[in-house]
Amino acid sequence: ALSDTGAHQAEAWLERLDLNAPEIAARAQIIRGFLAYVQANPVDAVRLLNQGLAGLPASDTLFRYVADYTLSAIYVMLGDLNTGARALEQTVQVGLRSGQIIWAAGAMCELGEIHIRHGDLHAARADFERALAVAVDDSGRPLPAAGRARMRLGELWREWNDLPRAAQEVREGMELARRLREGATMVGYVTLSEILQAAGDAQGAWEAVDRAEELARRTTITDADDLIVACFRAALAIHQWRLAEAQAWAQARGLTGRLD
């Protein structure tokens, strides 16, 4: 989540803007909506984002992308997956029309995540492959933004028990994502750990989750990635009968009480 200091600084900056200009006022509402979202205030976020969209010129593709993408994340967070998917498809179209293929590819990946939550893995595969098709340079070579789609395809192949193909997809995706930033490979290491564990490589699985944990610690913007990796590490410990480590993790979080 955004720190309180960062939020106050952003609000102070917004107050200095000339809000008499309709376009500036609309952009300010979208920024305030995004701030409300990262501060876990989805109701105000939806209201502010929709107000901003209503006053935004159709030509302002950047702020439309920010608003639609944030709205989709809020709807998904609230469990309204269908509305979230519609907002994402709108984001895809904005990205494609404006030539912002990285925006479009990112939204396609989010659509894939929604289809995974619906249990429709084949639709998710189509979303990720669609992202791969657009996230290429003028010579047809994959851009770093294609890394996420490739890693998520690896997760699908793991679900379908094609472990060699799953590992190949994840590793190729991590190589692409690494060109963007090292931290973008964290989810790949988690998936790779699952694949190696399923393939019987317990040591490799542990090394992969160690690497994911190291990358999560480097990210200071949010604690969510640390929690994701910690939960997976505890699950892996159980799978490998490292029960003392799993128990220590549960005790540290007050999760060892009786469920009566």
Side-chain angles (χ1 to χ4, degrees), residues 105-106 108-110 112-117 119-129 131-132 135 141-253 255-256:
M108 290 170 187
C109 287
E110 291 296 336
E113 301 295 347
I114 288 177
H115 282 126
I116 288 174
R117 290 182 64 172
D120 192 345
L121 302 189
H122 291 286
R125 178 185 176 184
D127 292 323
F128 296 137
E129 289 180 342
L132 290 176
R141 293 176 301 226
L143 294 167
R148 178 184 176 188
R150 186 69 72 188
M151 289 186 287
R152 297 306 286 150
L153 279 171
E155 170 65 15
L156 296 182
W157 288 111
R158 184 193 69 81
E159 288 284 347
W160 292 322
N161 206 34
D162 189 337
L163 300 182
R165 182 165 182 178
Q168 179 184 347
E169 293 279 12
V170 170
R171 287 190 171 107
E172 289 180 4
M174 289 166 65
E175 282 304 309
L176 289 168
R178 192 170 284 115
R179 286 158 48 192
L180 188 64
R181 57 184 177 86
E182 186 70 21
T185 65
M186 188 205 75
V187 67
Y189 278 108
V190 170
T191 303
L192 184 61
S193 180
E194 292 182 286
I195 295 166
L196 295 173
Q197 175 66 21
D201 184 357
Q203 182 61 32
W206 207 254
E207 289 172 357
V209 80
D210 278 346
R211 182 63 176 145
E213 188 174 62
E214 178 187 344
L215 292 170
R217 281 198 301 266
R218 290 187 196 172
T219 305
T220 57
I221 296 173
T222 175
D223 294 330
D225 48 1
D226 300 82
L227 181 59
I228 290 168
V229 175
C231 289
F232 177 77
R233 187 184 186 93
L236 182 63
I238 293 170
H239 280 299
Q240 295 191 3
W241 286 93
R242 301 168 72 146
L243 301 184
E245 181 165 343
Q247 185 176 25
W249 177 87
Q251 287 174 338
R253 290 159 178 80
L255 302 176
T256 55

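Just so you know, these numbers come straight off a predicted model, no measurement behind them. Residue indices begin at 1 and follow the sequence shown.
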Asks: Quick check: do Glu175 and Arg178 have side-chain heavy atoms less than 4.5 Å from each other?
Replies: yes
Asks: Under the criterion side chain to side chain contact (heavy atoms under 4.5 Å, CB included), I'd like the reasoning laid out for Asp120 against His122: C-alpha separation, chi angles, the key distance, then a yes or no.
Replies: CA-CA 6 Å; Asp120 192 345; His122 291 286; 4.2 Å; yes
Asks: What salt bridge (Lys or Arg N to Asp or Glu O under 4.0 Å) pairs are there with at least one residue in residues 201-212, not counting sequence neighbours?
Replies: Glu182-Arg211, Asp210-Arg233, Arg211-Glu214
Asks: Quick one: pull up CD in Glu129 and CG in Leu153 and give me the separation to the nearest 0.5 Å.
Replies: 5.5 Å
Asks: Write down the atom of Gly188, the atom of Met151, and the distance for their closest heavy-atom approach.
Replies: CA-SD, 3.4 Å
Asks: Could you pull out all residues at least two apart from Trp157 that satisfy ring-ring contact (aromatic ring centres under 6.0 Å, His included)?
Replies: Trp160
Asks: Any ring pair (Phe, Tyr, Trp, His ring centres under 6.0 Å) involving residues 191-217? Give me the pairs, sequence neighbours left out, ordered by first then second residue.
Replies: none
Asks: Can you name the residues that form a side chain to side chain contact (heavy atoms under 4.5 Å, CB included) with Ala105, not counting sequence neighbours?
Replies: Ala131, Val134, Ala135
Asks: What's the verdict on salt bridge (Lys or Arg N to Asp or Glu O under 4.0 Å) for Arg148 and Glu110, showing C-alpha distance, side-chain angles and the deciding distance?
Replies: CA-CA 10 Å; Arg148 178 184 176 188; Glu110 291 296 336; 2.9 Å; yes
Asks: Quick check for you: to the nearest 0.5 Å, what is the distance between Thr191 atom OG1 and Leu156 atom CG?
Replies: 9.5 Å
Asks: Holding to side chain to side chain contact (heavy atoms under 4.5 Å, CB included), I want the full list of residues that pass it with Glu159, two or more places apart in sequence or in another chain.
Replies: Leu121, Glu155
Asks: What distance separates Asp162 CG from Gln168 CD, expressed to the nearest 0.5 Å?
Replies: 9.5 Å
Asks: Do you know the tightest heavy-atom contact between Ser193 and Leu236?
Replies: OG-CD2, 3.6 Å
Asks: Would Leu143 and Leu180 count as a side chain to side chain contact (heavy atoms under 4.5 Å, CB included) here? Give the steps.
Replies: CA-CA 9 Å; Leu143 294 167; Leu180 188 64; over 6 Å; no
Asks: What distance do Arg125 atom CZ and Ile116 atom CD1 have between them, rounded to the nearest 0.5 Å?
Replies: 13.0 Å
Asks: Assess whether salt bridge (Lys or Arg N to Asp or Glu O under 4.0 Å) is satisfied between Glu213 and Arg217, documenting all intermediate values.
Replies: CA-CA 6 Å; Glu213 188 174 62; Arg217 281 198 301 266; 3.6 Å; yes
Asks: Given side chain to side chain contact (heavy atoms under 4.5 Å, CB included), test Asp127 with His115 step by step and report yes or no.
Replies: CA-CA 9 Å; Asp127 292 323; His115 282 126; 2.5 Å; yes
Asks: Does a side-chain N-to-carboxylate-O contact under 4.0 Å join Glu169 and Arg158?
Replies: no
Asks: Testing the basics here: between Leu176 and Gly147, what is the closest heavy-atom pair and its distance to 0.1 Å?
Replies: CB-CA, 3.7 Å
Asks: Please report the shortest heavy-atom distance between Gly154 and Ile195, naming the atom on each side.
Replies: O-CD1, 4.4 Å
Asks: What closest approach, in Å, do Gln197 and Ala205 show between heavy atoms, and which atom pair accounts for it?
Replies: N-CB, 3.7 Å
Asks: Applying ring pair (Phe, Tyr, Trp, His ring centres under 6.0 Å) as the test, list every pair that has at least one member in residues 225-252; sequence neighbours left out.
Replies: none
Asks: Looking at Cys109 and Phe128, what are the two nearest heavy atoms and their distance?
Replies: O-CE2, 3.4 Å
